[in-house]
Colleague: 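Structure provided below as structure tokens; questions to follow.
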Amino acid sequence: MYRPDKKLWEEAIQNEIDALSKMRTWDIKELPPDRKPIGAKWIFRVKRDEHGNITNYKARLVALGCHQKPGVDYDEVYASVVSKTRLRIVLAAVNHLDFHLH
């Protein structure tokens with residue numbers, strides 16, 4: 001890749017690899033002889049501020065999940081974090097009903 005911002009993209013890729021390693025996102029296992037590895041691809045995005053100026057280069061490594069089979073390729077499903085709106089609704093309901101939240 002030859003671009004003026006090549007170093008910034010390489011840094012974004014390294015940041016993603018470091019984050020995935022730090023979070024222990026995967027375990028390296030021996031691939032059974034009858035199985036094929038699941039592919040992955042990089043997603044690149046430039047983040048900009050309200051004036052259109054570049055603020056950040058983001059790189060994400062994503063698995064090609066369309067080829068995965070439940071119970072064969074994975075046995076856990078990651079649930080994303082709750083949205084701020086849903087959290088506010090739950091907290092408002094707890095307050096309105098005078099419940100205690102732990």
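The figures here come from the full heavy-atom set of this structure, side chains too, leaving out hydrogens, waters and symmetry mates.
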Colleague: Ignoring hydrogens and geometry, is there a side-chain-to-backbone donor-acceptor pair from D5 to L8 under 3.5 Å?
Modeller: no
Colleague: Supply the atom-to-atom distance E16 CD to I43 CD1, rounded to the nearest 0.5 angstrom.
Modeller: 10.5 Å
Colleague: Within the 4.5 Å heavy-atom criterion, are F44 and I13 side-chain neighbours or not?
Modeller: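 Answer yes - side chains close enough.
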Colleague: Quick check: do R48 and T55 have side-chain heavy atoms less than 4.5 Å from each other?
Modeller: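 Counting from C-beta outward, R48 and T55 never come under 4.5 Å.
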Colleague: Would you indicate whether the side-chain heavy atoms of I17 and Q14 approach each other to under 4.5 Å?
Modeller: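 Sidechains of I17 and Q14: in contact.
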Colleague: Measure up the H102 and H100 rings against each other and bin them: parallel (under 30°), tilted (30 to 60°), perpendicular (over 60°).
Modeller: tilted
Colleague: Would a 4.5 Å heavy-atom cut-off, applied to side chains only, mark K41 and L64 as touching?
Modeller: yes
Colleague: Do you know which two heavy atoms are closest between K36 and L31, and how far apart they sit?
Modeller: C-CD2, 4.2 Å
Colleague: Taking atom OH of Y57 and atom CZ of R45, what is their separation to the nearest 0.5 Å?
Modeller: 14.5 Å
Colleague: Heavy atoms, side chains only, cut-off 4.5 Å: are W9 and V46 in contact?
Modeller: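 The answer is yes, as the side chains (C-beta and beyond) meet within the 4.5 Å cut-off.
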Colleague: As an exercise, state the distance from OG1 of T25 to CG of L61, rounded to the nearest 0.5 Å.
Modeller: 9.5 Å
Colleague: Quick check on the hydrophobic clustering: are V90 and F99 connected, directly or via other members, by side-chain heavy-atom contacts under 4.5 Å?
Modeller: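 Linked, V90 and F99 end up in one cluster.
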Colleague: Find the distance between CZ (R86) and CG (L91) and round it off to the nearest 0.5 Å.
Modeller: 14.0 Å
